[in-house]
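Below, chain A is the first sequence line, B the second, and so on; all start at residue 1.
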Amino acid sequence: MAVLARASRDELEQAYLDLPNAPAYIWLRPPESGLVLVRGRTGETEASFNLGEVTTTRCALKLIDGTTGFAFTLGRDQRQAELAALFDALLQRGDETASASLKVVSEFEHAQSLRRDLKSRKAASTKVDFFAMSQAREPD
Amino acid sequence: MAYVAVKGGEQAILNSHRLIAEERRGDAAVPELTVRQVAEQMGLAVDRVMCEGSVYDRELAALALKQAQGDAVEAIFLLRAYRTTMPRFAVSNTLDTAQMAIQRRVSATFKDIPGGHVLGSTYEYTHRLLDFDLLDPAPCEDTKANIADRPLESGVGRAFDSIRDEGLIEVETAPAGQQAVFDLTREPLSLPAGRDQRLQNLARGDEGFVVGLAYSALRGYGAAHPYVGETRVGDVAVEIVPEELGFAVSIGDITVTECQMLDLFGGSELQPAQFTRGYGLSFGKSERKAMGMAIVDRSLRCRELGEEARYPVQDEEFVLAHTDNLEAAGFVSHLTLPHYVDFQADLQFIRQLRREKSGDHLDKEAAE
């Protein structure tokens, strides 16, 4: 679910188009946008405080064979949540769509890890080594 | 002081709305700004609106900025108003900033820290010269940033962990018997405020006011001697436990800025000399805000640490009641509304005072 929640709508649409056949499903809970209250830690204590809210979309669906899928995604894109829930359901089936979906998810995971890696390497290019002026002096 | 209810003016108000729309659009010969462009290219303005609007949603914040013609406080108002129309699904688990995917991380306390100092995209070392190349759109290169061979280490500890182990940094403990976490969006300000209420208040508070208060504490209207123990900017995962699933799921990443201030504390009867802490956390890239928040948080801990409260920044009621820019801007700008009755009353009062004064004068002259 963590990987599907981080997949973009375009990526999910493409993966959906690549499915051998479009799976039918009914809504257990149609997509709905709302808020999740985000808690921060109060310094390093066990206590927390309310930092603010983040928009979230949730939905739940059921495939014809009864398999259920859930999605919680950040933002208000209901189609993105719908497709994430669909793949969540497909993953839990015991047939070839599950293995196809598993492949989709591992591709997403790979793409996400590449994005994270690139972002981190760009930040790493700004790693700095300050030195105090006294150290910079030539030895006598 | 109160304004009076008035009727009429509908046409003028509607026409004012049309005038706003025209001014917002500006010269029709210039292409219209898209919300996507605002979200991508005015990122720090978007961050401020999300932070003080208290809703993390780049698209909504960018829309609010476009609608408000770039007026941050008006955009924050729009976002807060929209927020009230949305249901709240869940409360997240506490963010784990120790696991942040770092984009910037610096400490003013030690030169060499495990994991190193990472400048990130800071304006700190720029020359602050206008870049006239930006006057004209330039073709977009694939990437302007340099790319290091290796990514940063993940899960690095705090920069000041080494002296924490020596016991020289305050060990923070949660107040005993803390019940539900205070939520300012559901309950009004309540004093004395717990640290949870204070931090939420400051996180939503006006950046200018919070930074100004922090500045006052540094300049002498306060007792702050802070060091940036560590400030870090990066992405953290938001995790919730949906009722229907019963286990924690990670639903995406948000960018936050965290600041841990260490403040010189000479000790008291109860505690030895040590570095005490102030904490700041804010949505997006908003370091100035997070640092201001941490300094004000520490200043407001004066009572807890047995210090005398002598300055405005240490006065909880003064600070917490005036941080919210919606309330502040609303109260100030309501003065443009009709106060005709009040004004008439005051006018009458002034005339009366003058009459009395000149009456006294005449009486005195007559007595002489």
Check your understanding: Between Met86(B) and Ser33(A), does a side-chain contact (heavy atoms from CB on, under 4.5 Å) hold up when you go through it step by step?
Key -> CA-CA 7 Å; Met86(B) 298 184 95; Ser33(A) 298; 4.1 Å; yes
Exercise for review: Would you please test Arg104(B) and Thr126(A) for side chain to side chain donor-acceptor pair (under 3.5 Å) and show each step?
Suggested key: CA-CA 9 Å; Arg104(B) 167 169 167 81; Thr126(A) 68; over 6 Å; no
Practice item. Carefully, step by step, assess Arg76(A) and Leu60(B) under the rule side-chain contact (heavy atoms from CB on, under 4.5 Å). Key: CA-CA 10 Å; Arg76(A) 290 164 300 113; Leu60(B) 287 180; 3.5 Å; yes
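For Glu124(B), the CD atom is densely surrounded, since the number of other residues' heavy atoms within 6.0 Å is greater than 12. Within 6.0 Å of atom CZ in Arg36(B), 12 or fewer heavy atoms from other residues, nucleotides or ligands are found, so the atom counts as exposed in its surroundings.
Comparing Arg105(B), Arg83(B), Gln260(B) by how many heavy-atom pairs each has under 4.5 Å with chain A, the most go to Arg83(B). Interface remark: of the candidates Asn50(A), Val54(A), Val36(A), Asn50(A) forms the most heavy-atom pairs closer than 4.5 Å to chain B. For the set Arg204(B), Glu59(B), Glu244(B), the count of heavy-atom pairs under 4.5 angstrom toward chain A peaks at Glu244(B). Ranked by heavy-atom pairs under 4.5 Å with chain A, the first of Gln200(B), Arg58(B), Arg88(B) is Arg88(B). No other option in Glu46(A), Arg58(A), Lys119(A) has as many heavy-atom pairs under 4.5 Å with chain B as Arg58(A). Of the listed residues (Ala71(A), Ala123(A), Ala60(A)), the greatest number of heavy-atom pairs within a distance under 4.5 Å of chain B belongs to Ala123(A). Contact count versus chain A (heavy atoms, under 4.5 Å) is highest, among Arg198(B), Gln197(B), Gln103(B), for Gln103(B). Between chain A and the residues Pro242(B), Gly116(B), Ala101(B), Ala203(B), the most heavy-atom pairs under 4.5 angstrom are made by Pro242(B). In terms of non-hydrogen atom pairs under 4.5 Å with chain B, the most contact-rich of Ala5(A), Gly52(A), Gly34(A), Ala84(A) is Gly34(A). Counting heavy-atom pairs closer than 4.5 Å to chain B, the top residue among Val128(A), Asp129(A), Val3(A) is Val128(A).
A side-chain contact (heavy atoms from CB on, under 4.5 Å) with Ser48(A) holds for exactly one of Val181(B), Leu199(B), Leu95(B); it is Val181(B).
Both the backbone and the side chain of Ala237(B) come within less than 4.5 Å of a heavy atom in chain A. With a 4.5 Å cut-off on non-hydrogen atoms, Asp112(B) touches chain A through its side chain but not through its backbone. If you measure heavy-atom distances from Ser121(B) to chain A, you find no contacts under 4.5 Å at all. Heavy-atom distances place both the backbone and the side chain of Leu152(B) under 4.5 Å from chain A. Both the backbone and the side chain of Tyr56(B) come within contact range of chain A, each with at least one heavy atom under 4.5 Å from a heavy atom of that chain. Contacts of Arg6(A) with chain B are made by side-chain atoms alone, with heavy-atom separations under 4.5 Å and no backbone atom involved. Heavy atoms closer than 4.5 Å to chain A are found in the backbone of Asp149(B), but not in its side chain. Val91(B) touches chain A through backbone and side chain together, each having a heavy atom under 4.5 Å away.
With rounding to the nearest 0.5 angstrom, the CZ atom of Arg116(A) is 7.0 Å from the CG atom of Asp253(B). In this structure, the separation between CZ on Phe70(A) and CG on Leu245(B) is 5.0 Å, given to the nearest 0.5 Å.
Contact record, Asn146(B) with Ser125(A): O-OG, 3.2 Å, taken as the closest heavy-atom pair.
In this structure a side-chain-to-backbone donor-acceptor pair under 3.5 Å is present from Arg121(A) to Ala148(B).
Between the side chains of Arg150(B) and Ser120(A), no donor-acceptor pair of N or O atoms lies under 3.5 Å. A side-chain donor from one of Asp57(B) and Thr55(A) sits under 3.5 Å from a side-chain acceptor of the other.
Side-chain atoms of Leu118(A) and Ile147(B), non-hydrogen and from C-beta on, do get closer than 4.5 Å to each other. Put simply, the side chain of Thr42(A) does not reach to within 4.5 Å of the side chain of Tyr279(B), judged on heavy atoms. Using a 4.5 Å cut-off on side-chain heavy atoms (C-beta onward), Asn93(B) and Arg39(A) make no contact. The shortest distance between side-chain heavy atoms of Ser54(B) and Glu53(A) does not fall below 4.5 Å. A 4.5 Å side-chain heavy-atom check between Phe89(B) and Leu35(A) finds every atom pair outside the cut-off. A 4.5 Å side-chain heavy-atom check between Thr73(A) and Ile251(B) finds every atom pair outside the cut-off.
Gln14(A) meets the side-chain hydrogen bond (donor to acceptor under 3.5 Å, both in side chains) test with Asp18(A); sequence neighbours excluded. In this view, Arg158(B) and Thr97(B), Glu258(B) satisfy the side-chain hydrogen bond (donor to acceptor under 3.5 Å, both in side chains) rule, not counting sequence neighbours.
Note that Arg195(B) lies outside the cation-pi zone of Phe49(A), set by a 6.0 Å cut-off to the ring centre and a 45° limit from the axis.
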